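What you see is a predicted model; the values in this text were computed from it and never measured.
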Amino acid sequence: MKPVMEYQNFRLYVRDFYTERKIRSGFTWRDFAKAAGYSSPVFLKLVCDGKANLSDVGIERVANAMGLVGTDLQYFRALVNFNQEKDSSKKKEVFKELRAIAKENEMTLVGEDQYDYYESWINPVLRELVPQVPEATPAQVADMLAFDTQAAEVKKALKLLEKVGLLNKNADGSFEQSSKAITTGNIEVTSLSVREMHRQMGELAVRSLDEVPVNERDISGLTLGISESAYSRITKEIEDFRRRVASIVLQETEEDRVYRLNVQLFPLTKKFKGGVKNA
């Protein structure tokens with residue numbers, strides 16, 4: 001069985017522990033529950049199936065039943081909290097804790113590259129911009145961005161893009177875009193970092209209302225009353241639209257600027273039809 005620090009989902013680790021013990025000695029869910037101090041013989045199966053969570057006390061019980069100690073126990077605690085946490089800001093803090101534990105043990109978490117890439121809006125912009133201006137210094141690149149950026153931020157981003165293989169550095173110091181795309185990796189980590197990227201890009205869209213000339217931006221919106229079926233049809237239209245935009249970009253050979261296209265559709269009310277009761 002793999003060490004706990006090679007897992008990104010505590011439920012899978014617990015299930016693998018159970019499966020291995022079952023194969024070796026006929027271990028049952030009842031045996032597992034008893035070892036962890038639970039009266040319900042199926043509680044830990046429900047946890048593994050994602051139908052129940054572990055409390056702080058439960059984390060210690062289950063970890064003890066699996067014989068986890070030291071840094072393995074520390075990692076397991078953090079992993080459970082990461083998988084079960086719903087608040088994005090708190091989840092980010094727990095992920096930092098997981099990274100610190102892994103680093104201390106000379107391990108790399110699956111998803112770290114994706115997390116770092118999406119953590120700042122500058123990274124995808126430089127991936128598109130820098131190959132187009134091969135002689136520009138980091139300070140000059142920073143001046144080319146529409147929103148205030150320091151040369152040190154550009155240097156940090158270029159170092160990351162080179163590290164994860166999204167930009168290749170040539171002998172003359174210029175960069176070219178590799179064919180490598182950022183992969184899904186740890187879906188939970190990627191989702192967390194992509195939400196941060198959407199947040200940053202949304203904030204830049206708001207700033208563009210004041211900082212970018214009207215003739216250089218196109219921001220519009222509709223406030224709609226729709227049904228669930230209409231929502232599904234609209235999201236399909238948006239998906240098709242993104243594909244058409246991507247096709248236009250692939251045909252482009254004379255890039256002279258990097259843009260961001262945000263497509264947003266989100267509710268402004270809770271469901272009201274059938275949800276309002278008369279007094």
*Asks:* Using the test side-chain hydrogen bond (donor to acceptor under 3.5 Å, both in side chains), find all partners of Gln8 that sit at least two apart in sequence or belong to another chain.
*Replies:* none
*Asks:* May I ask you to test the Met5-Leu79 pair for a side-chain heavy-atom distance under 4.5 Å?
*Replies:* no
*Asks:* Find out if a path of hydrophobic residues (ILVMFWY) with successive side-chain heavy-atom gaps under 4.5 Å connects Ile238 to Tyr259.
*Replies:* no
*Asks:* Flag the pair Glu239 and Arg242 as a salt bridge only when some basic side-chain nitrogen lies within less than 4.0 angstrom of an acidic carboxylate oxygen.
*Replies:* no
*Asks:* Between Arg243 and Asp240, is the closest basic N to carboxylate O distance under 4.0 Å?
*Replies:* yes
*Asks:* Should the heavy atoms of other residues, nucleotides or ligands under 6.0 Å from CG of Asn262 be counted, would the total exceed 12?
*Replies:* yes
*Asks:* Are the side chains of Tyr13 and Val80 in touch, meaning some heavy atoms are under 4.5 Å apart?
*Replies:* no
*Asks:* Mark yes when over 12 heavy atoms from residues, nucleotides or ligands other than Arg195 sit less than 6.0 Å from its CZ; otherwise mark no.
*Replies:* yes
*Asks:* Under the 3.5 angstrom rule, does the side chain of Asp113 hit a backbone N or O of Val164 as a donor-acceptor pair?
*Replies:* no
*Asks:* Testing the basics here: between Ala142 and Ala151, what is the closest heavy-atom pair and its distance to 0.1 Å?
*Replies:* CB-N, 4.0 Å
*Asks:* Between Phe32 and Phe17 (judged by ring centroids, cut-off 6.0 Å), do the two rings come close enough to count as a pair?
*Replies:* yes
*Asks:* Do the side chain of Ser89 and the main chain of Asp87 share a donor and acceptor less than 3.5 angstrom apart?
*Replies:* no
*Asks:* Step by step, would you call Glu153 with Leu145 a side-chain contact (heavy atoms from CB on, under 4.5 Å)?
*Replies:* CA-CA 12 Å; Glu153 295 176 88; Leu145 300 182; over 6 Å; no
*Asks:* Within a reach of under 6.0 Å around NZ of Lys2, are more than 12 heavy atoms found that belong to other residues, nucleotides or ligands?
*Replies:* yes
*Asks:* If hydrophobic clusters are built by linking Ile, Leu, Val, Met, Phe, Trp and Tyr wherever their side-chain heavy atoms come under 4.5 Å apart, do Val245 and Ile234 end up in the same one?
*Replies:* yes
*Asks:* Within the structure provided, determine whether Gln264 and His198 are in side-chain contact (heavy-atom separation under 4.5 Å).
*Replies:* no
*Asks:* Check for a donor-acceptor pair, side chain of Lys22 on one end and backbone N or O of Thr28 on the other, with a separation under 3.5 Å.
*Replies:* no
*Asks:* Assess the residue pair Arg217 and Ser208 against the criterion (side chain to side chain donor-acceptor pair (under 3.5 Å)); give the C-alpha distance rounded to whole Å, side-chain angles, the decisive distance to 0.1 Å, and a yes or no.
*Replies:* CA-CA 8 Å; Arg217 58 175 169 80; Ser208 74; 4.9 Å; no
*Asks:* Using 0.5 Å steps for rounding, measure from the CZ atom of Arg257 to the CG atom of Leu129.
*Replies:* 11.0 Å
*Asks:* Does some side-chain heavy atom of Lys156 sit less than 4.5 Å from a side-chain heavy atom of Asn123?
*Replies:* no
*Asks:* Quick check for you: to the nearest 0.5 Å, what is the distance between Met1 atom CE and Asp16 atom CG?
*Replies:* 5.0 Å
*Asks:* Taking Glu196 first and then Arg199, would you say they form a salt bridge - that is, a charged N and a carboxylate O separated by under 4.0 Å?
*Replies:* yes
*Asks:* Would a distance-only check, ignoring hydrogens and angles, find a side-chain to backbone donor-acceptor pair under 3.5 Å from Gln84 to Leu54?
*Replies:* yes
*Asks:* In terms of heavy-atom contacts, does CZ of Arg260 have more than 12 from other residues, nucleotides or ligands at under 6.0 Å?
*Replies:* yes
*Asks:* Donor-acceptor pair, Asn9 side chain versus Arg11 backbone, under 3.5 Å?
*Replies:* yes
*Asks:* According to ring-ring contact (aromatic ring centres under 6.0 Å, His included), who are the partners of Phe175, at least two apart in sequence or on a separate chain?
*Replies:* none
*Asks:* Taking Asp143 for its side chain and Gln140 for its backbone only, find out whether a donor-acceptor pair lies under 3.5 Å.
*Replies:* no
*Asks:* Shared ILVMFWY cluster between Tyr118 and Leu261, side chains joined below 4.5 angstrom?
*Replies:* no
